[in-house]
Q: 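Please find one structure pasted underneath; my questions will follow.
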Amino acid sequence: MVSAGRTASDEGLASGGRLTSGAAVRGGGGPLLLGVRHHGPGSARAVRAALEAEKPAAVLVEGPAEADALVTLAGDPDMRPPVALLAHAVDDPGRAAFWPMASFSPEWVAIRWALDRGAAVRFIDLPATHTLAASDPTWSDGDDGEEGFAGGGARIDPIAELAGAAGATGAAERWWEDVVELCGADDAADPTAPFEALAEAMGALREAHGHGGHPRDLVREAYMRIQLRAARKEFGDSVAVVCGAWHVPALTRKTTVAADRALLKGLPKVKAELTWVPWTHRRLARRSGYGAGIDAPGWYEHLFAAPDRPVERWMTKVARLLRAEDHPVSSAHVIEAVRLARNLAALRGRPAPGLDETTDAVRAVLCEGSDVPLDLVRDRLVVGDVLGEVPAGAPAVPLQRDLARRRRSLRLKPEATERTLELDLRKGMDGERSRLLHRLRLLGVGWGEPASGRAGTGTFRETWRLRWEPEQHVQVAEAGVWGTTVEAAATARARSRAEAATALADITTLAEQCLLAGLSGALPVVMRSLADRAALDTDVSHLAEALPALARSLRYGDVRGTDTGALAEVAAGLAERICVGLPPACAGLDTDAATAMRGRIDEVHQAIGLLPDAAGPADRWAGVLRRLADRDRVPGVLRGRAARLLLDEGRIADGEAALLMSRALSPGTPPPDAAAWIDGFVGGASGGGLLLVHDERLLGLVDDWLTGVPAGAFTDVLPLLRRTFSTYEPGVRRTLGELVARGPGAGGPGHSAPGVPGFAATLDRERADAVLPLLHLVLGTEVTA
């Protein structure tokens, strides 16, 4: 997927089969050649002024020739830039190219002028059928919007070359802004004069650098010369061409039709489809990876929309944004910022304040020297999150049309800014939204991503982060091979993945995705594949990795009203096999394998609790944990974790947990094994720090063991202990330090008093029950008598 180039082609100016060499613009009374910089507001105003003065009968714009059929959509009231022409190969939708246009793009201004005046509009660049067939379909113009390459193959920057010739070495962007973008071309005495000067300069550059070391430029220019000849036969000399200024000299070269056609002979082809798609300012920015030649699309749009008093209007926008974000900005700040920007421009010898001056003034005055609010201004205004719109009548693959229909019915509007969507799955609309977003994820369309910490909890709530990016149109086109509707395509995609999957965990994850997406048509195939793989897989680690996804799926089924009977049978079988095979699988593991197995045990423990009728599986699982906790051949980290899980579930009493700890920390136990047991028991995110704070007997056992570790072994166990205790919150570590410092008899380790300071000796049920109404409100459950 690439950003397609925006340059002029190789079609000559003269009729009769040969191009004349005359002047670069209106050579010998010929067509009007308007060389521009793409996405330049000054160029766009100059193009509008020149077209208004000359009033040509036809306007030729660089872009894929097949887009002629789409040009009338640019005049639709529902079309709002930024937009882009999207071309993709029919047989390989991922092979695509974009031709973006903003409201301040000269090409867009020329198209709208022609449609408003009734002039003909033609796209005259090389057809997308050839562009997409190239081995490297990157026809981009480079960072500055004008394509050029040094003779040795290195790309040159024409703007930088001209700036250097003018003595502005190292400040090409500033020079170009001064001479073009900040100038008011609407009031110029001769609207074509800037184009004549630029054409002459580019002619000198082309004479020095030739085709720039990029032979494909010759092909494109040859095609455009042919198109220009055809337009002249139809409209005479009343033709205007809007193209990259670098290519204007190529349109005035002496060449024959036969020579141009020879360059086009034998070009590879693919079947291509084109349409308009929404674009964003962020994608116009050079840093986005779709190098369109500008760093500040929001600033350029402002210059185009507000040619009068642009600095004052810009500072007002900035003040409005900062005020909305609770930054104190007054009218006096705005007045002073405008004054500072103008003074900076005068000191730097610029005709008017540019982006550098306004940014410096905003930082110094409105942001009071801080870059934090300035970053907000850069993101929201200098670049911006504007998302264009395309009319519903634009060509689209059937899947795109179905997605648009579903979006409208569910009131999900694509937006360029990221937003959070909270869903309550008990509500019909939210449930349908969730299914649509999950189906799109299964198809590889990344419009929505589950918010971290919420996905996979098995509750009736979901949180999504939504953000629509232009390339998702290509993702939808790619997914169109699976079906004509979102549901049908997702179902077919899920079936294909189930049949091709080899890992058990992949299939269980797919089953979970199908349940989340409500794909009842795919579940039979997925379940059959799951049952086959589960029956053949004997690796307990694989079974343990697969069970959590199934358990979550069962919980989702309860919330979404999905029939999960077959899934429950498979999950129960996996749980039974894990219970049988886990103890021998844990014996004799090395340190890394034991650490990985601890994570599997934690996941299985959580999954067992989610299974329906979990009393039976839970009892069997408790027996497995007890065997792990008692077996000396099991690594200490696993024995400690098993003991901790039993304690948390109330399967063993506090005294029994203390007995297990005392055995694990006995003098005969090697210090590394004892430290591993402690890590398993109180390490990780299991709340082990709080356990030690509130159970001083366990803290005393750890303290007694630690003080008795021989000096020679202490350095061996210290890294593991540091890792274990570093996971605790700072407050917990501080409290543990205070308890240890108090020592026995003062509420510290070894203290035999039954209570803990601040806590009663027994449970006060009346006070504990007071929290229940709040818990029911948070969980959304009903209070039962």
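None of the values given here were measured: they were computed from a predicted structure.
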Q: Show your working on salt bridge (charged side-chain N to carboxylate O under 4.0 Å, His left out) between Arg461 and Glu422 and close with a plain yes or no.
A: CA-CA 7 Å; Arg461 292 191 182 276; Glu422 298 281 351; 5.9 Å; no

Q: Measuring from Arg465:CZ to Leu421:CG, what's the distance to the nearest 0.5 Å?
A: 12.5 Å

Q: Are the side chain of Asp402 and the backbone of Val486 linked by a donor-acceptor contact shorter than 3.5 Å?
A: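 Checking the backbone N and O of Val486 against the side chain of Asp402, a donor-acceptor pair under 3.5 Å is found.
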
Q: Please list all pairs meeting ring-ring contact (aromatic ring centres under 6.0 Å, His included) that have one or both residues in residues 652-677, counting only residues at least two apart or in different chains.
A: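 Every pair satisfying ring-ring contact (aromatic ring centres under 6.0 Å, His included) with a residue in residues 652-677: Trp677-Phe681.
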
Q: Assess whether side chain to side chain contact (heavy atoms under 4.5 Å, CB included) is satisfied between Arg411 and Met429, documenting all intermediate values.
A: CA-CA 9 Å; Arg411 290 177 236 167; Met429 175 75 75; 3.7 Å; yes

Q: Just verifying a value: how many Å separate Arg441 CZ and Leu437 CG, rounded to the nearest 0.5 Å?
A: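 It is 9.5 Å, given to the nearest 0.5 Å.
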
Q: How close do Leu660 and Ala643 get, counting heavy atoms only, and between which atoms?
A: CD1-CB, 3.9 Å

Q: Would a 4.5 Å heavy-atom cut-off, applied to side chains only, mark Leu442 and Arg497 as touching?
A: yes

Q: Report yes if some heavy atom in the side chain of Leu436 is under 4.5 Å from a heavy atom in the side chain of Arg433; otherwise report no.
A: no

Q: Can you tell whether the side chains of Asp379 and Arg282 come within less than 4.0 Å, N to carboxylate O?
A: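 Yes, Asp379 and Arg282 are salt-bridged.
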
Q: Just how far is it from atom CZ of Arg639 to atom CZ of Arg633, taken to the nearest 0.5 Å?
A: 12.5 Å

Q: List for me each residue that meets salt bridge (charged side-chain N to carboxylate O under 4.0 Å, His left out) alongside Arg407, sequence neighbours excluded, and say none if there are none.
A: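 For Arg407, no residue satisfies salt bridge (charged side-chain N to carboxylate O under 4.0 Å, His left out) once neighbours in sequence are set aside.
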
Q: Working note: Ile601 + Leu582, criterion side chain to side chain contact (heavy atoms under 4.5 Å, CB included); need CA distance, chi angles, decisive distance, verdict.
A: CA-CA 9 Å; Ile601 290 175; Leu582 187 61; 4.2 Å; yes

Q: Less than 4.5 Å apart, any side-chain heavy atom of Leu530 and any of Thr508?
A: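 Yes; the side chains approach each other to less than 4.5 Å.
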
Q: Measuring from Leu547:CG to Gln606:CD, what's the distance to the nearest 0.5 Å?
A: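 Leu547 CG to Gln606 CD: 11.0 Å, rounded to 0.5 Å.
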
Q: With a 4.0 Å cut-off, would you call Asp648 and Arg644 a salt bridge?
A: yes

Q: Verify side chain to side chain contact (heavy atoms under 4.5 Å, CB included) between Ser529 and Glu499, making sure each step is shown before the conclusion.
A: CA-CA 7 Å; Ser529 180; Glu499 293 170 352; over 6 Å; no

Q: Using a strict cut-off of less than 4.0 Å between a Lys/Arg side-chain nitrogen and an Asp/Glu carboxylate oxygen, indicate whether Asp619 and Arg651 qualify as a salt bridge.
A: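 Yes, Asp619 and Arg651 are salt-bridged.
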
Q: For the pair Glu656 and Arg626, find out whether any cationic side-chain nitrogen is under 4.0 Å from an anionic carboxylate oxygen.
A: yes

Q: Taking C-beta and beyond as the side chain, do Pro635 and Leu638 meet within less than 4.5 Å on heavy atoms?
A: yes

Q: For Thr420 and Thr463, work out which heavy atoms get closest and say how close.
A: CG2-CG2, 3.5 Å

Q: Specify the closest pair of heavy atoms between Val580 and Pro584, including all atoms of both residues, with the distance to one decimal.
A: O-CD, 3.8 Å

Q: Mind checking whether Leu376 and Glu325 have side chains closer than 4.5 Å, heavy atoms only?
A: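 Result yes, sub-4.5 Å side-chain heavy-atom pair found.
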
Q: Could you pull out the closest heavy-atom pair between Val624 and Cys579, with the gap in Å?
A: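 Where Val624 meets Cys579 most closely, the heavy atoms are CG2-O, 3.3 Å.
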
Q: Would you check if Leu589 and Thr595 make a side-chain contact, meaning some heavy-atom pair closer than 4.5 Å?
A: no

Q: Quick one: closest heavy-atom pair of Ser434 and Glu462, and the distance?
A: OG-OE1, 2.7 Å

Q: Can you check whether Ala544's main-chain N or O pairs, donor with acceptor, with Glu603's side chain at less than 3.5 Å?
A: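 Checking the backbone N and O of Ala544 against the side chain of Glu603, no donor-acceptor pair under 3.5 Å is found.
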
Q: What is the minimum heavy-atom distance between Ala585 and Met597, and which atoms define it?
A: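 Taking Ala585 first and Met597 second, the nearest heavy atoms are O-CE, 4.5 Å.
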
Q: Can I get a per-line list of side-chain donor-acceptor pairs under 3.5 Å for residues 514-528, giving both atom names and the distance, sequence neighbours left out?
A:
none

Q: Is there a donor-acceptor contact under 3.5 Å from the side chain of Asp590 to the main chain of Ala593?
A: yes

Q: Atom CG in Leu440, atom CZ in Arg435: separation rounded to 0.5 Å?
A: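 Here the rounded value is 13.5 Å.
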
Q: Output yes when a side-chain donor or acceptor of Ser409 lies under 3.5 Å from a complementary backbone atom of Arg406, and no otherwise.
A: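 The answer is yes, because a donor-acceptor pair under 3.5 Å joins these two groups.
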
Q: Could you check whether any side-chain heavy atom of Arg598 comes within less than 4.5 Å of a side-chain heavy atom of Asp679, counting everything from C-beta outward?
A: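 Of all side-chain heavy-atom pairs linking Asp679 with Arg598, at least one is under 4.5 Å.
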
Q: Taking Asp430 for the side chain and Asp424 for the main chain, is one N or O donor matched with an acceptor at less than 3.5 Å?
A: yes

Q: Measuring from atom CG of Leu321 to atom CZ of Arg323, what distance do you get when rounded to the nearest 0.5 angstrom?
A: 11.5 Å

Q: Between Asp630 and Arg663, does a side chain to side chain contact (heavy atoms under 4.5 Å, CB included) hold up when you go through it step by step?
A: CA-CA 10 Å; Asp630 290 337; Arg663 284 169 44 192; 4.2 Å; yes

Q: What pairs with Glu469 under side chain to side chain donor-acceptor pair (under 3.5 Å), at least two apart in sequence or on another chain?
A: Arg467

Q: Using only atom types and a distance under 3.5 Å, with no angle test, would you say the side chain of Thr735 pairs donor to acceptor with the backbone of Gly731?
A: yes

Q: Does the plane of the ring in Trp621 sit parallel, tilted or perpendicular to the ring in His605? Use 30° and 60° as the thresholds.
A: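 Trp621 and His605: tilted rings.
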
Q: Can you list the residues that meet the side chain to side chain donor-acceptor pair (under 3.5 Å) rule with Glu415, with sequence neighbours excluded?
A: Arg419

Q: In chain order, what residues pass the ring-ring contact (aromatic ring centres under 6.0 Å, His included) check against Trp464, with sequence neighbours excluded?
A: His438

Q: Side chains of Pro583 and Arg631, heavy atoms from C-beta outward: is any pair under 4.5 Å?
A: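 Yes, close enough: below the 4.5 Å cut-off.
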
